[in-house]
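The next block holds one structure in the form of structure tokens; read it before the comments.
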Amino acid sequence: MTNELTFFNTMSRRNEPFVPLVAGKAGLYTCGPTVYNFAHIGNFRAYMFEDLLCRVLRYFDFDVTQIMNLTDVDDKTIRDSQKAALPLKEFTAKYIKAFFEDLKTLNIVPAAQYPAATEHIPEMIALVQALIDRGYAYQAEDKSIYFSIDKFPEYGKLAHIDRENQRAGVRVKTDEYAKDSVADFALWKAWDVGDGDVKWDSPWGPGRPGWHVECSAMSMKYLGKTFDLHTGGIDNMFPHHEDEIAQSEAANGCTYVRYWLHCAHLMVNGEKMSKSLGNFFTLRDLLSKGYTGRELRWVLLGAHYRKKLNFTFDALEAGRETLRKFDDFFRRLHAAESTQPAKPEETRQLAQDAEAGFRAALADDLNVSEALAVLFGLQRDTNKLLEAGSLDAAAAAPLLEQFRQFDRVFGCLEVDAGKSEAVPAEVIALAEARQAARKAKDFAKADACRDQLKAAGYVVEDTPGGFRVKPL
RNA sequence: GGCGUGGUAGCCAAACGGUUAGGCAGCGGUCUGCAAAAUCGCAAAAAUCGGUUCGACUCCGAUCCACGCCUCCA
């Protein structure tokens, strides 16, 4: 059985066996949302990928500690809270609440902690001070503190950025005159009038932390100076993650992160979905169109995380159909009755083989497509047995259990959801009336009964053993 | 300009130097009063042009196209 997980490490640009710092444990840091608005489904592609990663790590018996930060102070958050005439905290609280609701709707397993930037200012100040003490940072004329990239020769090792070849000129903004070098980035932003009452005291005067320093300070606090995995969207690779590495390694003198995993974008009409382009859907948009979190979850799970995924409503519809078939399938499997000798040893073997294929697929840098092929393969084999009438409860049990195992990773099969569904007595009565009419060859009446059932929200299906009623 | 990714059947999407990926949709058979579900089967592919090879969707090169990062961004 394959038990060796491999991940594509952005740092080395190749697949590497995952060997954690501490055997059996995995520490993971995830760049979370900036809470000035509702997250869109492109954002959720990244959170879904991270959920998949954590679920797979757990499937392989790792004890996972996931930390996801909340960026609750930055230029846009300040700007929009001022527009809304609300204190920063009150403004972000609304979107933090919405974010957690959305995670739940998508059945994303919660992280261990969700540290907020504004709750960790002392840690950030300490980190900036360490960088100043070690000669990596300086205060400019505008009172802000900057990281001096020239002092960190390894700068660019993650993104493979060669500073010589960067386009000259484009990065210069009018307010950056104070920096020693254009590429230097802010660790601490000095307060200015536009920030209103958003400010914290520091040894360098009032201000607020720079974006990159937030993640470094919080990840170190919860996971240590060196930790296993850091994830995020590919657009965070540069400059955000590159800057995190520079700050953290300069301050600590040791490797910051051992495995970097980056998720590709969700596209819509061939362009990346983003707030700045305005071409996005929020989860709430989809819910209001009648789609479910489960259906979106299925769609987002459908492509490998390092490949761009084009979002379409067709895909959502196809996903809905697939899930419907699964619901029906599990209902039939729960009700399995044999007309021939059942063979539990055969189904146990089927389950075992599927398990092996499933693990091998996921171990290969989270190849969900192949894992899904295994899932569908087992479904097909199971259907054949059901069709042949050679499954009873005992023979079905190992199969059901295997699907439950699969769902620890997929999180949307709902294997047991239809099991205990109570069908109202009047619906049963109606179905029985239809059955009687059919026997009497009164098909007009039988069809009328079926229409009535449909109106009540049920479908009736005729099987060799009798009828079967299920919700529409 | 620099760095990078990708172009697979109607749609979505994998693996792999030679053997059916898979899903949705479609077509035909079985089952059914009709349906539905299921099942069996079928069809359909590799942007273009070269090269390497006994053999290439898979390796190499060129071309075209799309997309991303270099600026807040999952």
Side-chain angles (χ1 to χ4, degrees), chain A residues 10 13 30-34 36 39-50 71 74-77 79 156 159-173 176 183 211 231-240 242 262-267 270-277 280 298-299 302-312 314-322 324-325 328-329 331-332 361 364 367-377 379-380 382-384 386-388 437-439 441-444 446-447 450 454 459-464 467-468 470:
Chain A
T10 308
R13 308 286 157 109
T30 297
C31 289
T34 304
Y36 71 98
H40 57 69
I41 60 175
N43 299 320
F44 281 114
R45 183 189 186 190
Y47 305 131
M48 274 292 305
F49 146 62
E50 285 137 5
T71 299
D74 81 328
D75 291 341
K76 286 179 184 172
T77 314
R79 180 196 67 199
H160 295 195
I161 295 279
D162 177 359
R163 287 193 50 211
E164 303 304 311
N165 287 328
Q166 282 191 51
R167 198 179 203 166
V170 296
R171 320 176 88 243
V172 184
K173 285 190 271 171
E176 287 179 347
W211 176 41
T231 62
I234 194 157
D235 50 356
N236 275 161
M237 185 168 90
F238 192 89
H240 187 232
E242 194 69 58
H262 289 97
C263 169
H265 287 299
L266 186 67
M267 314 292 283
E271 280 183 307
K272 88 168 180 176
M273 186 176 286
S274 76
K275 285 180 188 169
S276 35
L277 291 173
F280 62 89
W298 180 263
V299 169
H304 185 91
Y305 74 91
R306 283 192 288 112
K307 280 219 167 174
K308 288 181 290 235
L309 173 59
N310 195 29
F311 173 78
T312 63
D314 282 352
L316 222 39
E317 293 287 344
R320 167 173 290 180
E321 183 58 21
T322 305
R324 211 210 82 250
K325 285 186 181 174
D328 197 56
F329 168 71
R331 246 185 238 113
R332 280 183 285 118
D364 181 17
N367 189 336
V368 253
S369 303
E370 206 160 302
L372 284 169
V374 172
L375 169 72
F376 284 116
Q379 185 192 28
R380 206 167 105 253
T382 304
N383 264 325
K384 280 186 193 174
L386 280 169
E387 181 82 358
R438 286 181 68 218
K439 266 202 182 122
K441 307 252 183 227
D442 184 354
F443 297 121
D447 287 347
R450 184 157 62 196
K454 200 175 171 188
V459 201
V460 63
E461 288 172 5
D462 299 318
T463 70
F467 64 84
R468 205 156 59 81
K470 63 177 186 182

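The structure displayed is predicted, hence computed values, not measured ones. The chains referred to below are lettered A, B, ... by the order of the sequence lines, with proteins before strands, and numbering in each begins at 1.
- Across every strand in view, A9(B) sits unpaired, with no contact that passes the Watson-Crick or G-U test at under 3.5 angstrom.
- Residue Lys308(A) has no polar side-chain atom (N or O) positioned under 4.0 Å from OP1 or OP2 of A66(B).
- Side-chain nitrogen and oxygen atoms of Lys272(A) include at least one within less than 4.0 Å of the OP1 or OP2 phosphate oxygen of C69(B).
- Rounding to whole angstrom units, NE2 of residue His160(A) and P of G4(B) are separated by 8 Å.
- Pairing for U48(B) is with A62(B), a Watson-Crick or G-U wobble pair whose two hydrogen-bonding atom distances lie under 3.5 Å.
- A salt bridge does not link Asp328(A) with Lys325(A): every distance from a Lys NZ or Arg NE/NH1/NH2 to an Asp or Glu carboxylate oxygen is 4.0 Å or more.
- Aromatic ring pairs are classed by plane angle as parallel below 30°, tilted from 30° to 60° and perpendicular above 60°; the pair Trp298(A) and Phe376(A) is perpendicular.
- When atom types are taken as modelled, the side chain of Asn367(A) and the backbone of Glu370(A) share a donor-acceptor pair closer than 3.5 angstrom.
- Here the nucleotide nearest the side chain of His265(A), chosen from A36(B), U39(B), C69(B), is C69(B).
- The base of C11(B) lies outside donor-acceptor range of the side chain of Asn310(A), with no N or O pair under 3.5 Å.
- Across all strands shown, G4(B) is found opposite C67(B) as a Watson-Crick or G-U wobble partner, with both distances under 3.5 Å.
- One atom, NZ of Lys470(A), and another, P of A37(B), lie 7 Å apart when rounded to the nearest Å.
- At a threshold of 4.0 angstrom between heavy atoms, the contacts of Met267(A) are confined to the sugar-phosphate backbone, with no base atom among them.
- Across all strands, Ala318(A) comes closer than 4.0 Å only to sugar-phosphate atoms, never to a base (heavy-atom distances).
- Here Gly270(A) lies in heavy-atom contact (under 4.0 Å) with sugar-phosphate atoms only.
- Contact annotation: side chain of Arg450(A) to base of C34(B), donor-acceptor pair present below 3.5 Å.
- In this structure, Val460(A) reaches the bases: a heavy-atom distance under 4.0 Å links it to at least one base atom across the strands shown.
- One finds no side-chain N or O of Asn367(A) lying less than 4.0 angstrom from the OP1 or OP2 phosphate oxygen of A14(B).
- In this structure, Glu387(A) places its CD atom 7 Å from P of U39(B), rounding to the nearest Å.
- By the stacking rule of 5.5 Å between ring centres and under 30° between planes, Phe443(A) stacks on the base of G33(B).
- Between the CZ atom of Phe238(A) and the C1' atom of G68(B) there is a distance of 14 Å, rounded to whole Å.
- A sub-4.0 Å separation between OP1 or OP2 of C24(B) and a side-chain N or O of Lys325(A) is present.
- Going from atom CG of Leu316(A) over to atom P of A25(B) covers 15 Å, rounded to whole Å.
- Put simply, CZ on Arg320(A) is 17 Å from C1' on C12(B), counting in whole angstrom units.
- Atom CZ of Arg380(A) is separated from atom P of G22(B) by 7 Å (rounded to the nearest Å).
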